[in-house]
**Student:** 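There's a structure below that I have some questions on.
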Amino acid sequence: QVQLVESGGGLVQAGGSLRLACVASGRMFSSVAVGWFRQGPGKEREFVASINWSGSSTYYSGPVKGRFTISRDDAKNTVYLQMNSLKPEDTAVYYCAAEPGYALGNRVADFGSWGQGTPVTVSS
């Protein structure tokens, strides 16, 4: 089991940037894939980005591709989500999730461990 804690959310103006961090504990971090998801007001949780166990593969949803970057620092047991050119429609609670193994998922069901989320609000 992996325990996850997100941080870095907040209020930002449209066009601005934020960097979210997801710190993991409880399991060898270098053997897990990590994903970021978000859930906006009245919406279902949706995939944002994921990174495989080694950092060699990443996957992004269409709405964030080219604006967001996922990366990992295994020495710090941390995965980051750098969010640039933020838009009001990026407003949501952002969750990180982890799953042991070598697969790179993009569905909620692909990840078994979840953090509590960090809110991001983008004002117009």
Side-chain angles (χ1 to χ4, degrees):
Q1 192 75 2
V2 181
Q3 289 78 48
L4 304 168
V5 178
E6 304 96 333
S7 64
L11 174 65
V12 64
Q13 288 189 333
S17 298
L18 282 175
R19 188 176 77 158
L20 307 183
C22 172
V23 179
S25 62
R27 185 187 171 99
M28 187 182 299
F29 183 65
S30 59
S31 65
V32 304
V34 177
W36 283 97
F37 292 76
R38 66 186 182 186
Q39 188 164 13
K43 297 181 180 180
E44 293 187 354
R45 194 167 298 191
E46 65 174 0
F47 170 75
V48 175
S50 59
I51 188 165
N52 73 337
W53 67 278
S54 67
S56 61
S57 294
T58 57
Y59 188 25
Y60 297 93
S61 68
V64 309
K65 195 170 185 179
R67 299 188 297 124
F68 293 9
T69 302
I70 189 171
S71 61
R72 64 190 297 156
D73 184 343
D74 288 351
K76 296 182 178 179
N77 279 11
T78 302
V79 169
Y80 301 99
L81 185 68
Q82 178 67 43
M83 306 187 296
N84 299 328
S85 303
L86 283 161
K87 305 175 182 180
E89 51 263 45
D90 294 318
T91 294
V93 177
Y94 283 71
Y95 300 89
C96 71
E99 181 65 24
Y102 302 111
L104 185 58
N106 67 336
R107 304 173 303 161
V108 171
D110 292 333
F111 296 88
S113 299
W114 291 82
Q116 294 301 305
T118 184
V120 171
T121 302
V122 184
S123 63
S124 58

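Counting begins at 1 with the first residue of the sequence.
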**Student:** Quick one: OG1 on T78 to CG on L20, what's the gap to the nearest 0.5 Å?
**Tutor:**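 Answer for the OG1-CG pair, T78 versus L20, is 12.5 Å.
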**Student:** Can we call the ring centroids of F37 and W114 under 6.0 Å apart?
**Tutor:** yes
**Student:** For residues L4 and C22, report the shortest heavy-atom separation together with the two atoms involved.
**Tutor:** CD2-SG, 3.8 Å
**Student:** Among the clusters formed by ILVMFWY side chains lying less than 4.5 Å apart, do I70 and F68 turn up in the same one?
**Tutor:** yes
**Student:** Shared ILVMFWY cluster between F111 and V64, side chains joined below 4.5 angstrom?
**Tutor:** no
**Student:** Could you tell me whether a side-chain N or O of S50 sits under 3.5 Å from a main-chain N or O of G105, the two making a donor and an acceptor?
**Tutor:** yes
**Student:** State the OG-NZ distance between S124 and K87, to the nearest 0.5 angstrom.
**Tutor:** 14.0 Å
**Student:** Please check this pair: side chain of D74 against backbone of N77, looking for a donor-acceptor N/O pair closer than 3.5 Å.
**Tutor:**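 Checking the backbone N and O of N77 against the side chain of D74, no donor-acceptor pair under 3.5 Å is found.
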**Student:** Under a 3.5 Å distance rule, please check whether E6 uses its side chain to pair with a backbone N or O of C96 as donor and acceptor.
**Tutor:** yes
**Student:** Test of understanding: with side chain to side chain donor-acceptor pair (under 3.5 Å), list the residues that count as partners of Q3, not counting sequence neighbours.
**Tutor:** none
**Student:** Do M83 and R67 pass the side chain to side chain contact (heavy atoms under 4.5 Å, CB included) test, and can you show the C-alpha distance, the side-chain angles, and the key distance before you say yes or no?
**Tutor:** CA-CA 6 Å; M83 306 187 296; R67 299 188 297 124; over 6 Å; no
**Student:** Does V93 share a hydrophobic cluster with V120, counting links as ILVMFWY side-chain heavy atoms below 4.5 Å and allowing steps through other members?
**Tutor:** no
**Student:** Consider only side-chain heavy atoms of I, L, V, M, F, W and Y, link residues closer than 4.5 Å, and tell whether Y60 and V79 are in one cluster.
**Tutor:** yes
**Student:** Hydrophobic cluster membership, with links at side-chain heavy-atom distances under 4.5 Å among I/L/V/M/F/W/Y: are Y95 and V34 in one?
**Tutor:**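 Unlinked, Y95 and V34 end up in two clusters.
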**Student:** CG/D90 to CG/L18 distance, rounded to the nearest 0.5 angstrom?
**Tutor:** 10.0 Å
**Student:** Sequence neighbours left out, what passes ring-ring contact (aromatic ring centres under 6.0 Å, His included) with Y59? Give chain and number order.
**Tutor:** F47
**Student:** Roughly how far, to the nearest 0.5 Å, is the CD atom of E46 from the CG atom of N106?
**Tutor:** 12.0 Å
